[in-house]
Amino acid sequence: MAILIKNGIIFDGSGQKGERTDVLIEGDKISAIGALAKKKTEIVIDASGLYLTPGFIDINSDSDHYLTIFTQPSQSSLLEQGITTVLTGNCGSSLAPLVKGNLISLRKWSDPNQINIDWQSFGEFLEKLSRFKIGVNFGTLIGHSTIRRGIIGEEFRDLTEPELKEMKYLVEKSLAEGAFGVSTGLSYSHSRITPQYEILEIAKIIEKYNGLYATHLRSEKEGLLAAIAELEDLVSELKDFPKIEISHLKAYVGLEDDLNQSLKLINDLKNRGVDINFDVYPYQTTANPLYTYLPSWAVYGGMELMIKNISNRTVRQRVIKELKERPYNFSKIIVAEALKFPSLVGKSIAELASKRNVDFEEMLLDILVFSGGRATVFEANLSENGIEALFKNPLSLIATNGPGFNNAQNDSFLAHQRSFGAFPKFLGLARDRKLMSWPEAIKKITSEPAKKIGLRKRGLIKKGYFADLVILNPDTINSGATLQNPYLRPEGIKFVILNGQLVVKESLATGILAGQIFKR
């Protein structure tokens with residue numbers, strides 16, 4: 001099938017100024033760019049007054065963590081905001097490789113029993129996924145925690161030499177089978193104790209394969225500077241450190257000075273020649289597993305032991321005492337998911353505590369017990385000015401940090417609006433607040449993440465490149481999603497073409513599943 005796009009203003013993803021021209025697509029690639037208005041094709045799109053850009057690339061997607069790549073493969077909430085490619089396997093957890101054939105590291109996000117797990121190696125996983133039709137291009141990192149917990153289970157300790165050797169073997173094998181790199185989730189309970197030498201051994205292998213090291217820092221709030229300093233130490237230990245992506249760097253209210261100092265440290269690393277970036281999403285609301293609000297000692301030992309401990313009256317009173325010493329605003333902490341207790345969804349912990357006539361801290365622990373630890377909450381705790389400062393930093397990339405959905409509302413689960421509008425929201429802010437030029441904004445969501453991940457013939461509009469394209473209205477583009485109603489479609493995304501197929505037409509997904517599985 002051939003598609004002709006005529007009269008559009010092309011922003012090719014390189015950062016160059018836009019120019020009006022035509023684009024011809026034949027098969028899955030761009031076959032010509034220029035004056036092509038008289039060309040006869042099956043589909044003609046008149047893009048007069050519209051911008052034509054490369055497809056948007058989401059470098060930090062959770063479509064694997066929430067298993068929606070299997071359960072909702074259309075991923076239409078991503079397509080309708082212009083996303084054509086996702087990179088998954090972030091924050092230390094991935095769908096492969098599986099040492100013991102389970103997805104225990106994903107329990108904080110979703111129920112692994114939703115799908116049939118019939119793979120172990122990374123190569124087997126990609127082969128399994130390739131049997132399905134999916135709505136977006138899909139690539140993945142491998143999760144450090146997935147491998148570590150596969151080897152030692154729920155134990156909290158350093159690896160032995162044979163165990164470290166096994167981890168290194170699995171990392172190298174998975175990279176050879178097509179993984180784009182390795183991620184760590186150093187703030188999560190099972191990875192907090194990971195020693196530096198273990199990460200260094202993994203980094204050596206990543207660098208050998210020219211892969212990506214993506215890290216959820218050991219702390220994103222009060223300990224942010226120490227976490228960045230740890231990253232500096234890691235880089236100093238190796239002459240050639242792999243490419244670095246800091247996952248979802250956040251601008252917490254009240255910690256603006258720490259963020260500014262951290263950005264200086266990150267920029268210093270860049271000036272030293274380190275290939276480093278960070279990603280950010282354009283919302284003031286974070287999403288976190290509820291257990292991350294507990295003192296670190298209370299989650300030591302795994303989910304089952306945590307639930308047992310906080311059900312014990314003596315331990316519970318100690319946890320409550322420590323929670324009361326923390327500056328949490330429980331009226332701003334909203335339950336997004338609580339396994340088997342959908343009646344809690346959409347309500348704040350303060351509201352739920354008031355109804356049950358218990359303290360806020362007691363309610364938090366009760367929710368964890370009710371849900372067996374499977375509870376996620378939203379909290380409005382990020383600074384608008386801080387987020388804009390992150391956008392303007394030349395090292396920032398844009399990401400959803402959320403899963404793709406099929407746009408159907410689920411009353412047992414409150415989706416974050418970033419899954420439905422992150423990229424249009426960013427572009428709307430860039431335009432309205434004059435944060436950057438259109439060429440800069442488009443480059444930040446197309447060619448820059450493509451280069452960072454290592455994607456070939458993606459992220460630019462060039463002859464011979466794959467036809468992943470977005471046609472948008474620069475005047476109306478914005479996110480329709482809100483915290484109260486995240487399922488509203490974005491505005492301004494008119495057409496999306498994926499691998500040469502029209503997957504969004506007049507702002508609605510067409511139902512065509514044209515995604516491909518990527519290997520490094």
Is it true that, when you exclude Tyr169 itself, more than 12 heavy atoms of the residues, nucleotides or ligands shown sit nearer than 6.0 Å to its OH?
no
To the closest 0.5 Å, what do you measure between CG (Leu98) and OG (Ser121)?
9.0 Å
Take atom CG of Asp118 as the centre, draw a 6.0 Å sphere, and report whether it contains more than 12 heavy atoms from other residues, nucleotides or ligands.
yes
Is a side-chain donor-acceptor pair under 3.5 Å present for Glu172 with Tyr209?
yes
Within this structure, what is the CD1-CG distance for the pair Ile310 and Leu365, rounded to the nearest 0.5 Å?
5.0 Å
May I ask you to decide if the ring planes of Phe125 and Trp119 are parallel, tilted or perpendicular, using 30° and 60° as cut-offs?
tilted
Residue pair Ile83 / Thr400, side-chain heavy-atom distance below 4.5 Å
yes
Parallel, tilted or perpendicular: which one describes the rings of Phe132 and Phe70, with boundaries at 30° and 60°?
perpendicular
Verdict with supporting geometry, Leu435 and Glu388, side chain to side chain contact (heavy atoms under 4.5 Å, CB included):
CA-CA 7 Å; Leu435 303 178; Glu388 291 185 6; 3.8 Å; yes
4.5 Å side-chain heavy-atom contact, Phe426 and Lys444:
yes
Any donor and acceptor pair, going by atom type alone, linking the side chain of Thr482 with main-chain N or O of Asn485 inside 3.5 Å?
yes
Please check if atom CZ in Arg157 has more than 12 non-hydrogen atoms from other residues, nucleotides or ligands closer than 6.0 Å.
yes
Which class fits the ring pair Tyr66 and Phe413: parallel under 30°, tilted 30 to 60°, perpendicular over 60°?
perpendicular
If I take atom CG from residue Leu200 and atom CG from residue Leu238, how far apart are they, to the nearest 0.5 angstrom?
5.0 Å
Criterion side chain to side chain contact (heavy atoms under 4.5 Å, CB included) on Ile205 and Val182, from CA distance to verdict:
CA-CA 10 Å; Ile205 304 171; Val182 180; over 6 Å; no
Donor-acceptor under 3.5 Å (Ser77 side chain, Phe405 main chain)
yes
Salt-bridge present (Arg148, Glu163; N to O < 4.0 Å)
no
Do side-chain atoms of Asn137 reach the backbone of Gln516 as a donor and acceptor pair under 3.5 angstrom?
yes
Once rounded to the nearest 0.5 Å, what's the spacing between atom CG of Leu164 and atom CD1 of Ile202?
7.5 Å
Lys332 versus Asn381: any side-chain heavy-atom pair under 4.5 Å?
no
Distance-only, no hydrogens or angles: does the Glu245 side chain make a donor-acceptor pair with backbone N or O of Thr215 under 3.5 Å?
no
Any salt bridge between Glu201 and Lys204, counting N to O under 4.0 Å?
yes
Let me see the working for Val235 and Arg272 under side chain to side chain contact (heavy atoms under 4.5 Å, CB included), right down to the final yes or no.
CA-CA 10 Å; Val235 170; Arg272 285 166 48 188; 4.1 Å; yes
Within 45 degrees of the axis of the six-membered ring of Tyr281 and under 6.0 Å from its centre: does Arg418 put its NZ or CZ there?
yes
Could you tell me whether the side chain of Tyr291 and the main chain of Val299 form a donor-acceptor pair under 3.5 Å?
no
After noting the C-alpha distance and the side-chain angles of Lys221 and Asp258, does the key distance pass the salt bridge (Lys or Arg N to Asp or Glu O under 4.0 Å) rule?
CA-CA 9 Å; Lys221 298 180 81 173; Asp258 285 358; over 6 Å; no
His144 and Met167, any side-chain heavy atoms less than 4.5 Å apart:
yes
May I ask you to check whether Ser187 and His216 show a side-chain donor-acceptor distance below 3.5 Å?
yes
Can you find a pair of side-chain heavy atoms, one from Asn393 and one from Phe278, that are under 4.5 Å apart?
yes
Heavy-atom side-chain proximity of Glu198 to Ser191 below 4.5 angstrom
no
Look up atom CG in Asp240 and atom NZ in Lys208, then write down how far apart they are to the nearest 0.5 Å.
14.0 Å
Using the side chain to side chain contact (heavy atoms under 4.5 Å, CB included) rule, take Thr88 and His65 through it: C-alpha gap first, then chi angles, then the decisive distance, then the call.
CA-CA 8 Å; Thr88 65; His65 292 169; over 6 Å; no
Pair Ser145-Ser93, side-chain donor/acceptor within less than 3.5 Å:
no
Qualifying residue for side-chain contact (heavy atoms from CB on, under 4.5 Å) with Leu395, from Leu249, Leu263, Leu269, Ile266
Ile266
Side-chain touch His248/Glu220, heavy atoms, less than 4.5 angstrom:
yes
Taking the basic N atoms (NZ, or NE/NH1/NH2) and the acidic carboxylate oxygens, is any pair closer than 4.0 Å for Glu448 and Lys452?
no
From CA spacing to verdict: salt bridge (Lys or Arg N to Asp or Glu O under 4.0 Å), Arg316, Glu362
CA-CA 8 Å; Arg316 173 176 279 236; Glu362 189 89 32; 2.5 Å; yes
Do Ser183 side-chain atoms and Ala214 backbone N/O form a donor-acceptor pair below 3.5 Å?
no
Inter-residue atom distance Tyr213.OH - Ile276.CD1, 0.5 Å rounding:
10.5 Å
With a cut-off of 6.0 Å (strictly less than), are more than 12 heavy atoms of other residues, nucleotides or ligands near CD of Glu161?
no
Are any non-hydrogen side-chain atoms of Val377 and Leu364 less than 4.5 angstrom apart?
no
Is it true that Lys308 and Glu304 have a side-chain N and a carboxylate O under 4.0 angstrom from each other?
no
Sub-3.5 Å donor-acceptor pair from the side chain of Ser63 to the main-chain atoms of Ile69, do we have one?
no
